[in-house]
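Since the structure is predicted, the reported quantities are computational estimates derived from the model, not experimental observations. Residue numbers start from 1 in every chain, and the chains themselves are labelled A, B, ... in the order their sequence lines are given, proteins ahead of strands.
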Amino acid sequence: MAKIQAIRGMNDILPEQTPVWQYLEDTVRRVLQSYSYNEIRMPILEQTELFKRSIGEVTDIVEKEMYTFEDRNGDSLTLRPEGTACCVRAAEQHGLLFNQTQKLWYCGPMFRHERPQKGRYRQFNQIGVECFGIPGPDIDAELIIMTARLWKELGLLANVSLQINSLGTTAARAVYRDALVEYLRANIDALDEDSKRRLESNPLRVLDSKSQSTQDILDGAPDFSDYLDDESKAHFATLLETLDQSGISYEVNSRLVRGLDYYGKTVFEWVTNDLGAQGTVCAGGRYDGLVEQLGGKATPGVGFAMGVERLILMLESLDKIPAEVNNNPDVFIVSVGEGTQIEAFKVAEILRNQFLSINVQTHCGGSNKNRLKKIDKSNVPITLIIGENELKNKSVIIKTLQDKSEGSQNKQQVEVPVADLLNKIEAYL
RNA sequence: GUGGGCGUAGCUCAGUCGGUAGAGCUCAGGAUUGUGAUUCCUGCGGUCGAGGGUUCGAUCCCCUUCGUCCACCCCA
């Protein structure tokens, strides 16, 4: 019989991995909290219409990447491909946006039916941050400053760089799009096949073509910055000034466009060269029209999302995971002989009563030799041994397994009364 | 959706120019008398990804399929 495996592109995160995830999530949570952002949790299923109306009907996500199905009522539901639309829907539904500012974040799985590759999976996790109700560039800057702090906390700052652009208002973008299309049509023979196709479906996306010949053509193309409306120009200038004053370096990239239709004015991406073909670890921008587009009162919004798997890959490949991030016990209790198992449980509880944060492991089954070998290999700092003599003496042996020298077997251990264990063990913790 | 690499033990991999397989690690037990370096011995563990074809015989050759990795498209 065929074995049942996980769905393609949907990965189990195994016990060996979870400490890294917890470390990343804890760090992010701490940073977001320090900027006064509050967590919101949304369902992973939404009405299909939500994504069609927000992301854009002709985007790849909506056209061919969504997990969409009918439920038993015949309603069309979709596993969320991204979080912003869900967050807007939730905030709007519960009246969080009515004349109010909201600073929100969320974390969880997103789903896109693409071919998996390094840093890209069909179920992947994003940490998203959204701010509603603030129209000015100050909040755009705060979000970027916050992400920069996060990279610093994670030790990744030297390995990421910030790309930033302004897409202007919808009207300005339309004028630019026409100018770009006119230019590209005149040079259509030099474009690669993908770009020719995009020219019809989504001309702005030709700008970030990976084809060198297309990029050469684009060198002579109209520049986005020349088409920005005054308001967007001023907004962008203030944002850049704030970043300058805050010591955040960036590269203005007038060819940076985003794949989702709702972005306008500010867009940005944090990119890296350490992830293979997937360069983007964090991306976002402003979406002032989205709330209204989804039926709410006009409310400005800006946000970004980070790819958790990509950040984990970076942490691993750059060896940025702190040594204390692991599952290793701090104390391992080995019991040897008749009746000692019960005593081991009692001693473990005594330790946990006093030091709840330490990791105490007791064994069940197996031989002492292999247990000690395993403890030795995993660098558990403290081993407690309870044998029949100790049981009789109401004592335990405190042993450190770090000394590998000849004849050290019984030297690195000390027998202490159980009543005195809490005092004595503190010297080892 | 397209292209390429790879599927042999729980893991990392050898191997058979076609005669149904091996190592290291892991795991269990022992040499070791309540106690860990390094050794040494023994044992558990594989329908060689699946299906079909050629053949006396296929893990090996051919076809199909599935899985996986990487890249394209696109994106976090």
Exercise. Please measure how far the P atom in B:rC63 lies from the corresponding atom in B:rA76, and state the result in whole Å.
Key: 40 Å

Practice problem: Answer yes or no: is there an ion pair linking A:R185 with A:E182, defined by an N-O contact shorter than 4.0 Å? | Solution: no

Quiz item: What nucleic acid atoms does A:Q5 come within less than 4.0 Å of, heavy atoms only: base, sugar-phosphate, or nothing?
Solution: sugar-phosphate

Exercise. Give a yes or no on whether a donor-acceptor pair under 3.5 Å exists between the nucleobase atoms of B:rC75, that is its base, and the side chain of A:R310.
Key: yes

Quiz prompt | A:T48 side chain vs A:S76 backbone, donor-acceptor pair below 3.5 Å | solution = yes

Self-check item: Sugar-phosphate only, base, or nothing, as touched by A:F332 at under 4.0 Å among non-hydrogen atoms
Solution: nothing

Quiz prompt | Presence of donor-acceptor pair under 3.5 Å, side chain of A:R115 and base of B:rU2 | solution = yes

Quiz item: When you compare B:rG15 with B:rU32, how far apart are their P atoms, in angstrom units rounded to a whole number?
Solution: 40 Å

Quiz item: Please give, in whole Å, the distance from B:rG36 P to A:I397 CD1?
Solution: 13 Å

Self-check item: Distance in angstrom units between A:E309 CD and B:rC70 P, rounded
Solution: 13 Å

Practice problem: Using the P atom as the reference point in each nucleotide, state the distance between B:rG46 and B:rC61 in Å, no decimals. | Solution: 25 Å

Practice problem: Output yes when at least one side-chain N/O atom of A:R8 is less than 4.0 Å from OP1 or OP2 of B:rU68, else no. | Solution: yes

Quiz prompt | Atom pair distance, as rounded to whole Å: CD1 in A:I385 and P in B:rG36 | solution = 9 Å

Self-check item: Identity of whatever pairs with B:rC6 - Watson-Crick or G-U, under 3.5 angstrom
Solution: B:rG67

Practice problem: Ignoring hydrogens and angles, tell me if any N or O in the side chain of A:E92 forms a donor-acceptor pair with the backbone of A:L97 under 3.5 Å. | Solution: no

Quiz prompt | Pair partner, B:rG22 [Watson-Crick or wobble, under 3.5 Å] | solution = B:rC13

Quiz item: How close or far is atom C1' of B:rA76 from atom CE of A:M306, stated in whole angstroms?
Solution: 10 Å

Exercise. Give A:N389 one of three labels, base, sugar-phosphate or nothing, depending on what nucleic acid heavy atoms sit under 4.0 Å from its own.
Key: base

Exercise. Would you kindly give the CZ-to-P distance between A:R122 and B:rG1, to the nearest whole Å?
Key: 8 Å

Quiz item: With a non-hydrogen cut-off below 4.0 angstrom, is A:E82 in contact with a base, only sugar-phosphate, or nothing?
Solution: nothing

Practice problem: Look through every strand shown and name the nucleotide pairing with B:rC60 as Watson-Crick or G-U wobble, where both distances are under 3.5 Å. | Solution: none

Exercise. Please state how far atom CD in A:E390 lies from atom C1' in B:rU35, giving the value in whole angstrom units.
Key: 10 Å

Practice problem: Taking atom C1' in both B:rU59 and B:rU16, compute the distance separating them and give it to the nearest angstrom. | Solution: 8 Å

Quiz prompt | P spacing across the pair B:rG30 / B:rG36, given as an integer number of angstrom | solution = 13 Å

Practice problem: Would you kindly give the CG-to-P distance between A:L24 and B:rA76, to the nearest whole Å? | Solution: 18 Å

Practice problem: Please answer whether the main-chain N or O of A:T280 pairs with a side-chain N or O of A:R310 as donor and acceptor at a distance below 3.5 Å. | Solution: yes

Exercise. Please figure out whether A:G119 or A:H113 has its closest RNA chain B nucleotide nearer the 5' end.
Key: A:H113

Quiz item: Any donor and acceptor pair, going by atom type alone, linking the side chain of A:D330 with main-chain N or O of A:I358 inside 3.5 Å?
Solution: no

Quiz item: Quantified in whole Å, what is the C1' atom distance between nucleotide B:rC60 and nucleotide B:rU8?
Solution: 11 Å

Practice problem: Would you mind pulling out the nucleotide paired to B:rC72, Watson-Crick or G-U wobble, both distances under 3.5 Å? | Solution: B:rG1

Practice problem: Check every strand shown and say whether A:G128 touches a base, only sugar-phosphate, or nothing at a heavy-atom separation below 4.0 Å. | Solution: nothing

Quiz item: Where the side chain of A:R122 meets the backbone of A:E114, is there a donor-acceptor pair that is under 3.5 Å apart?
Solution: yes

Self-check item: Rounded distance in Å - CD (A:E114) to P (B:rC75)
Solution: 9 Å

Quiz item: What distance, rounded to whole Å, do you find between the two P atoms, one in B:rG7 and one in B:rA14?
Solution: 8 Å

Quiz item: Is the number of heavy atoms from other residues, nucleotides or ligands within 6.0 Å of CD (A:Q47) greater than 12?
Solution: no

Exercise. Using a cut-off of strictly less than 4.0 Å, decide whether A:Q117 has a side-chain nitrogen or oxygen near OP1 or OP2 of B:rC69.
Key: no

